[in-house]
Amino acid sequence: MDWVRGDCIGCGSFSTVNLAIPTKSSSSPLMAVKSCDLFDSSLLENEKDVLSQLGYCEHIIQCFGGDQSVENGQRLYNLLLEYASGGNLSHWVKNSGGCLRESEARRYTRSILKGLRYIHAKGFAHCDIKLENILLFENGEVKIADFGLAKKTGQKQSGEQGRMVFRGTPLYMSPESVNENEYDSPCDIWALGCALVEMVTGKPAWNCKPETNIAALMIRIGVGDELPEIPQELSKEGKDFLSKCFVKDPRTRWTADMLLDHPFVATENTVTLKESKQSSPSSSPKCPFEFPEWVSVPSSSPKTELWSNKEVNSRFDWSSLSYSPSPAERLRQLASDEVCNWSFSESWVTVR
Ligand SMILES: Nc1ncnc2c1ncn2[C@@H]1O[C@H](COP(=O)(O)OP(=O)(O)OP(=O)(O)O)[C@@H](O)[C@H]1O
């Protein structure tokens, strides 16, 4: 495929994303190219493999293949992707005055769920759902991107050589991922709940004080009964929807398929916050086993400082944590006296 590198349009923790402009002789559309050092390209190659196994879905970013290049003496691995001209949802939320109207958040949630239903039905889990990985298009549609951490469901996550491996971004981690190192389709649903909270409030789902350290966050997520706070300003349907995402036990957490029938996303009708206050409460099932009796509304038509990357690597050697199946031991291993500045969510660190 003939293309030339254009402007930088995004940076992740291990790759940079540029426009990929087709040469005159090429009939390709304008694309995005995600590049990293060829010798450190396992995540990008995984992303390519997963996307090719997934095939086409209108709610998932399309992949046009991979290639290699030598630029400024560096050998690069390049992944060519469908270009999303609206950028990522995190930026969009910030540029929309800090949070989104519920009707807009509801629409995006529906699209993400459709993408997740497709991914899960194909036997994969995304493992890194967050606003930065949801991309916007000119027509207002969103698609799921960044499949670097995606994996086949059911495969036990065992660290290399007995080491513990973390996937995803701490604020979006599910209890079972923190406690059991378990990453399957339910963890995407938990993360979707966190993303929805962030869309409607502009703040992370876990309200963390600046002096909180990462171990304290992991303990809050993994131990005890505490759940992310459900935004008061959300409609009753929205609150109920979130309560189905934030179920600690992954076996009773709702699936994408079930959630697509939930009144919050099943109807295209928009309910404003004021309107929602007058609407009657939804009689929602408490667990998936009650689901058959669910009466759904039919669809009318559709890091704080955290620390900087460099800093976190120097202060906290995640990869050297030795593996233990016990949640208590796992959390003890995470304990650290290091204090983070949680006020900059931009610098959240993805722990791989
Ligand atoms: N296809 C695309 N079209 C437009 N922008 C994109 C595209 N892919 C990625 N970007 C931009 O680049 C950013 C980084 O991309 P991506 O998340 O895939 O990289 P990453 O290195 O895997 O990041 P991380 O692992 O830190 O989440 C995205 O948040 C988005 O703003």
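Computed from a predicted model, the values in this text were never measured in an experiment. Numbering of ligands and ligand atoms starts at 1, following listing order.
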query: Around D7, counting heavy atoms of other residues, nucleotides and ligands shown, do more than 12 lie under 6.0 Å from its CG?
result: no
If you take the nearest heavy atom of each of A84, C8, C11, which one is closest to atom 14 (C) of ligand 1?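 The nearest heavy atom belongs to C11.
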Among G10, G87, C63, closest by heavy atom to atom 13 (C) of ligand 1 is G10
Which atoms of ligand 1 sit under 4.0 Å from any heavy atom of [X]?
| X | value |
| --- | --- |
| L135 | 1 (N), 2 (C), 3 (N), 6 (C), 7 (C), 8 (N), 30 (C) |
| E82 | 1 (N), 2 (C), 3 (N) |
| E132 | 28 (C), 29 (O) |
| V17 | 6 (C), 7 (C), 8 (N), 9 (C), 10 (N), 12 (O), 15 (O) |
| G12 | 14 (C), 19 (O), 20 (P), 21 (O), 23 (O), 26 (O) |
| A32 | 1 (N), 2 (C), 3 (N) |
| S13 | 21 (O), 23 (O), 24 (P), 25 (O), 26 (O) |
| K130 | 27 (O) |

Query raised in the report: Short N/O distance, under 3.5 Å, between H91 and ligand 1?
Result: no
Based purely on interatomic distance, does Y83 place a nitrogen or oxygen under 3.5 Å from a nitrogen or oxygen of ligand 1?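 Checking ligand 1 against Y83, no N or O pair falls under 3.5 Å apart.
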Going by the 4.0 angstrom heavy-atom rule, the piece of L149 near ligand 1 is neither
*With backbone taken as N, CA, C and O and side chain as the heavy atoms from C-beta onward, which portion of N133 lies under 4.0 Å from ligand 1: side chain, backbone, both, or neither?*
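The answer is the side chain.
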Exercise. Where is the tightest heavy-atom contact between R220 and C208, given as atom of each residue plus distance?
Worked result: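 For R220 and C208, the tightest heavy-atom pair comes out as NH1-SG, 3.8 Å.
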Going by atom types only, do T169 and D128 share a side-chain donor-acceptor pair under 3.5 Å?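 Looking only at side-chain atoms, D128 and T169 do form a donor-acceptor pair, the distance falling under 3.5 Å.
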Side-chain H-bond candidate by donor/acceptor type, K94 with S90, under 3.5 Å: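 Indeed, the side chains of K94 and S90 share at least one donor-acceptor pair under 3.5 Å.
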Once you measure the plane-to-plane angle for F264 and F241, does it fall in the parallel (<30°), tilted (30-60°) or perpendicular (>60°) bin? tilted
Answer yes or no: is there an ion pair linking [X] with [Y], defined by an N-O contact shorter than 4.0 Å?
| X | Y | value |
| --- | --- | --- |
| E198 | K203 | no |
| D240 | K236 | no |
| E82 | K143 | yes |

Which of K151, K152, R251 passes salt bridge (charged side-chain N to carboxylate O under 4.0 Å, His left out) with D184? It is K151
**Prompt:** Should E47 be listed as contacting ligand 1, given a heavy-atom distance under 4.0 Å as the test?
**Reply:**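 No, that is not the case, since the closest heavy atom of the residue is not under 4.0 Å from the ligand.
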| task | Determine, stepwise, if the pair E102 / S235 fulfils side chain to side chain contact (heavy atoms under 4.5 Å, CB included). | result | CA-CA 8 Å; E102 182 172 324; S235 65; 2.5 Å; yes
